[in-house]
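Below: the structure, in structure tokens.
Numbers restart at 1 for each chain; the letters A, B, ... are given by sequence-line order, proteins then strands. Atom set for the values below is all heavy atoms of this structure, side chains included, hydrogens, waters and symmetry mates excluded.
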Amino acid sequence: MLDLKYVRDNLDQVAQMLKDRRMDMDLQQFAALDEQRRAILSQVESLKHERNKASEEISVLKRERRDASERIEQMRQVSQKIKDLDQDLSGIETRFQEILLRIPNVPHASVPVGADETANPVVRTWGEPPRFDFAPKPHWDVGEGLGILDFERAAKITGARFALYWGMGAALERALITFMLDTHTGHHGYTEVLPPFIVNSASMTGTGQLPKFEEDLFKLRGFDYYLVPTAEVPVTNIHRAEILEDQDLPRYYTAYTPCFRAEAGSHGKDTRGLIRQHQFNKVELVKFVKPETSYDELESLLTNAERILQELGLHYRVVNLCTGDLGFSAAKTYDIEVWLPGQNTYREISSCSNFEDFQARRANIRFRRTGGKKTEFVHTLNGSGLAVGRTLLAILENFQNADGTVTIPPVLRPYLGNQDTIAAVHR
RNA sequence: GGAGAGAUGGCCGAGUCGGCUGAAGGCGCUCGCCUGCUAAGCGAGUGUGGGGUGUAAAGCUCCACCGAGGGUUCGAAUCCCUCUCUCUCCGCCA
């Protein structure tokens with residue numbers, strides 16, 4: 001959520017921002033409601049002031065055993081008026097908040113203006129694509145050939161866009177989760193947390209999934225509960241409605257969770273393989289920092305995520321998302337895209353964002369500087385470190401051998417009984 | 001799932017028959033005084049959000065907030081209803 005005063009005083013800039021993001025919103029209604037809201041507010045507040053004073057008078061009259069019925073009768077009317085105005089106000093307030101909650105974040109100055117992902121500049125590239133003396137297969141062929149990925153049975157158990165992992169497939173997924181968490185806690189200073197995988201609507205609103213993106217979520221029938229679409233939601237909301245102390249910042253958290261996404265509007269896209277699932281595993285990095293450090297913190301968060309790919313030996317590039325591709329809550333986002341030789345393309349494997357105070361304002365996460373009187377909103381950041389399923393498929397595609405086996409990256413071998421290869425097993 | 005108890009400021013804790021209670025008292029914290037050091041002592045201060053005023057900060061002023069929402073009333077932390085959460089006992093259970 002943007003600062004109300006900022007929007008009020010910079011309507012033109014906000015309108016331009018919406019244009020840059022290729023969004024269309026009616027800000028006139030916002031301005032009108034804002035004006036109405038303040039007009040009624042000052043009216044109702046002066047009436048309440050009157051009521052408070054009369055209340056004191058009445059109490060004095062009563063104590064002195066004098067007649068207060070005339071004053072009470074007057075106040076009966078004032079009270080009714082207050083009630084009516086309060087009702088008007090809450091109606092306006094609701095509509096006003098609804099609009100404010102649907103205005104996206106303002107992109108940082110370093111974010112290029114552009115229409116879509118084709119306008120995302122490449123920031124850097126790491127490593128080289130592997131060379132093959134045979135035609136590399138897509139991971140679904142590799143995985144099914146090895147008997148470690150089973151999409152048919154997953155469809156039977158649940159439906160489309162779910163996966164069943166067997167044997168070394170399941171073990172590799174688990175090894176990746178542990179390796180990622182160990183790296184972030186052991187080398188990057190993050191504290192591991194294991195949050196609930198189900199959250200309420202207040203948490204979803206805090207990080208920006210609600211109210212705008214309800215159709216992307218799985219909601220539990222009969223509850224105000226949703227399955228988490230990313231660990232960002234429960235982990236960022238750890239500090240919702242809290243005031244942190246200066247020395248509490250920065251805070252770095254890492255969490256493994258499964259992620260559940262309805263993938264509304266993506267029918268026909270990435271229907272094969274592990275790329276786009278309703279359920280996938282992810283290790284997330286979340287930071288709470290002071291405003292003046294948040295862009296440095298974004299760079300280091302990105303570096304932390306990149307290290308996983310570097311240690312695994314996977315070639316990737318980093319892109320800076322342009323205004324048309326930037327997420328709703330983000331001020332700036334870097335995507336890390338891993339090379340997939342089986343599909344001859346780069347695919348997103350991590351998204352690292354600085355939300356500045358956008359989420360903090362929604363979730364009311366503040367801090368107080370030492371000796372300071374005023375509270376300020378923290379800046380929140382998060383990034384995948386990494387998407388586990390996509391990492392697994394990248395390994396299958398990049399380290400496949402001509403005989404159909406897959407070589408296990410050395411850093412993962414200690415987690416897999418020091419095995420160096422995944423060989424085929426009949427299922 | 002059944003029965004009961006509770007939710008007040010950073011913490012503990014009081015609020016009688018609804019009426020100067022934003023909220024006693026204590027602890028903590030901040031500043032000042034005192035003091036070989038430490039401790040103790042003395043004095044003052046110590047919530048959040050919003051509106052108005054102010055170039056801004058400060059200040060001044062008004063409104064709201066005693067788990068959340070609604071109701072009764074001239075007036076609610078105090079009465080009523082609904083919900084949420086916490087605790088105790090019983091049952092069930094990974």
Side-chain angles (χ1 to χ4, degrees), chain A residues 1-10 30-101 194-206 210 219-220 222-226 234 237-249 258 291 357 359-378:
Chain A
M1 184 162 66
L2 297 179
D3 181 19
L4 167 58
K5 286 181 193 129
Y6 170 82
V7 180
R8 180 187 294 152
D9 297 339
N10 300 278
F30 172 89
L33 284 171
D34 182 37
E35 213 163 297
Q36 276 182 54
R37 188 183 78 95
R38 282 192 289 169
I40 296 179
L41 203 57
S42 76
Q43 231 185 107
V44 89
E45 282 192 356
S46 74
L47 285 175
K48 282 182 179 173
H49 180 52
E50 191 184 336
R51 182 179 70 185
N52 287 345
K53 285 204 309 201
S55 213
E56 271 177 47
E57 286 174 37
I58 291 168
S59 110
V60 170
L61 288 174
K62 291 248 181 183
R63 206 172 315 129
E64 294 172 352
R65 305 201 172 281
R66 290 161 59 194
D67 179 40
S69 55
E70 192 186 334
R71 207 78 183 92
I72 286 173
E73 189 48 47
Q74 286 173 350
M75 282 308 109
R76 207 190 296 276
Q77 286 167 26
V78 170
S79 273
Q80 188 54 47
K81 181 88 178 150
I82 290 173
K83 210 176 207 173
D84 294 346
L85 286 174
D86 264 338
Q87 199 151 18
D88 294 350
L89 193 61
S90 82
I92 288 170
E93 198 82 50
T94 305
R95 284 195 289 158
F96 186 66
Q97 283 299 322
E98 181 75 6
I99 293 177
L100 201 54
L101 284 172
L194 184 63
F197 301 162
I198 296 175
V199 299
N200 58 32
S201 58
S203 292
M204 285 292 191
T205 305
L210 290 178
K219 186 173 198 303
L220 270 63
F223 295 87
D224 181 36
Y225 288 166
Y226 298 83
N237 278 283
I238 287 174
H239 294 300
R240 187 172 80 229
E242 289 186 16
I243 299 175
L244 301 171
E245 298 298 325
D246 201 300
Q247 68 264 21
D248 291 334
L249 298 173
D357 63 8
Q359 292 181 327
R361 184 172 289 107
R362 288 175 161 247
N364 200 18
I365 307 168
R366 293 168 293 171
F367 78 105
R368 203 191 318 265
R369 294 182 193 274
T370 317
K373 201 167 149 45
K374 276 177 46 179
T375 58
E376 298 172 54
F377 290 112
V378 303

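Considering every non-hydrogen atom in both A:His239 and A:Ile365, the closest pair reads O-CG1, 3.4 Å. Scanning both residues, A:Met1 and A:Gln97, for their nearest heavy atoms gives SD-OE1, 4.1 Å. Taking every heavy atom of both residues into account, A:Leu61 and A:Asp67 meet most closely at CD1-O, 3.9 Å. Between A:Leu210 and A:Arg362, the closest heavy-atom pair is O-NH1, 3.1 Å. Considering every non-hydrogen atom in both A:Ser42 and A:Ala39, the closest pair reads OG-O, 3.2 Å. A pairwise comparison of heavy atoms in A:Ala360 and A:Phe377 identifies O-CD2, 3.6 Å as the closest pair.
Interatomic distance, OG of A:Ser46 versus CZ of A:Arg51, reported as 12.0 Å (0.5 Å rounding). The line from CD1 of A:Ile243 to CZ of A:Arg366 is 4.0 Å long, rounded to the nearest 0.5 Å.
Partners of A:Glu57 by side chain to side chain contact (heavy atoms under 4.5 Å, CB included), not counting sequence neighbours, listed by chain and number: A:Arg71. Legend: residues meeting side-chain hydrogen bond (donor to acceptor under 3.5 Å, both in side chains) with A:Asp84, ordered by chain and number and at least two apart, are A:Gln80.
Close to B:rC62, at under 4.0 Å from its OP1 or OP2, lies no side-chain N or O of A:Asn52. Close to B:rC62, at under 4.0 Å from its OP1 or OP2, lies no side-chain N or O of A:His49.
Pairs of residues two or more places apart, or lying in two chains, never qualify as ring pair (Phe, Tyr, Trp, His ring centres under 6.0 Å) while including a residue from residues 58-95 of chain A. Screening residues 57-100 of chain A for ring pair (Phe, Tyr, Trp, His ring centres under 6.0 Å), with sequence neighbours left out, gives A:Phe30-A:Phe96. The salt bridge (Lys or Arg N to Asp or Glu O under 4.0 Å) analysis of residues 74-83 of chain A, with sequence neighbours excluded, yields the pairs A:Glu73-A:Arg76. Sorted by first and then second residue, the pairs that involve residues 35-45 of chain A and meet salt bridge (Lys or Arg N to Asp or Glu O under 4.0 Å), not counting sequence neighbours, are A:Asp34-A:Arg38, A:Arg37-A:Glu93.
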Give every donor-acceptor pair under 3.5 Å between a side-chain atom in residues 197-205 of chain A and any protein atom, sequence neighbours left out.
from	atom 1	to	atom 2	distance (Å)
A:Asn200	OD1	A:Ala202	N	3.3
A:Asn200	OD1	A:Ser203	N	3.0
A:Asn200	OD1	A:Ser203	OG	3.3
A:Ser201	OG	A:Asp224	OD1	2.8
A:Ser201	OG	A:Asp224	OD2	2.9
A:Ser203	OG	A:Arg240	NH1	2.7
A:Thr205	OG1	A:Ser201	O	2.8

- Message: Each nucleotide in nucleotides 75-85 of chain B should get exactly one letter: B, S or -. Can you fill that in based on protein heavy atoms under 4.0 Å?
- Response: S----------
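For the P atoms, the distance from B:rC79 to B:rG18 is 8 Å, rounded to whole Å. Atom P of B:rC11 sits at a distance of 16 Å from the matching atom of B:rG28, rounded to the whole Å. Rounded to a whole angstrom, the distance from the P atom of B:rU30 to that of B:rC17 is 40 Å. Here the separation of B:rG47 from B:rG25, taken at their P atoms, is 15 Å to the nearest Å. Taking atom P on both B:rA39 and B:rU46, the two are 25 Å apart, rounded to the nearest angstrom. Separating the C1' atom of B:rC65 from that of B:rU21 is a span of 14 Å, rounded to the nearest Å. As rounded to the nearest Å, B:rA3 and B:rG10 have C1' atoms that lie 35 Å from one another. A distance of about 49 Å separates the P atoms of B:rA76 and B:rC34, rounded to the whole Å.
The CZ-P distance, from A:Phe367 to B:rG10, rounds to 18 Å in whole Å. The interatomic distance linking A:Met1 (CE) with B:rG49 (P) rounds to 13 Å, in whole Å. A straight line from NZ of A:Lys48 to P of B:rC74 spans 17 Å, rounded to a whole angstrom. Nucleotide B:rC20 holds its C1' atom 17 Å from the NZ atom of A:Lys62, rounded to whole Å.
Against RNA chain B, the stretch residues 238-249 of chain A makes no heavy-atom approach under 4.0 Å.
In this structure, A:Glu70 places its CD atom where only 12 or fewer heavy-atom neighbours from other residues, nucleotides or ligands lie under 6.0 Å away.
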- Query: In dot-bracket, 5' to 3', how would RNA chain B read with Watson-Crick or G-U wobble pairs under 3.5 Å, [ ] for crossing ones and | for pairs to another strand?
  - Reply: (((((((..(((......[.....)))((((((.......))))))(((((((.....))))))).(((((..]....))))))))))))....
Show me the protein contacts with nucleotides 67-73 of chain B, counting only N or O atoms at under 3.5 Å.
from	atom 1	to	atom 2	distance (Å)
B:rU72	OP2	A:Lys83	NZ	2.9

Table of protein N/O atoms under 3.5 Å from nucleotides 51-61 of chain B N/O atoms:
from	atom 1	to	atom 2	distance (Å)
B:rG52	OP1	A:Arg38	NH1	3.3

- Could you give me the CA-CA distance, side-chain angles and deciding distance for A:Ile82 and A:Lys48, then say whether side-chain contact (heavy atoms from CB on, under 4.5 Å) is met? CA-CA 7 Å; A:Ile82 290 173; A:Lys48 282 182 179 173; 3.9 Å; yes
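Residue A:Thr375 is in sugar-phosphate contact alone, with no base atom involved, counting any heavy-atom pair closer than 4.0 Å across all strands shown.
Heavy-atom nearest nucleotides on RNA chain B were determined for A:Ser46 and for A:Glu73, and the one closer to the 5' end corresponds to A:Ser46.
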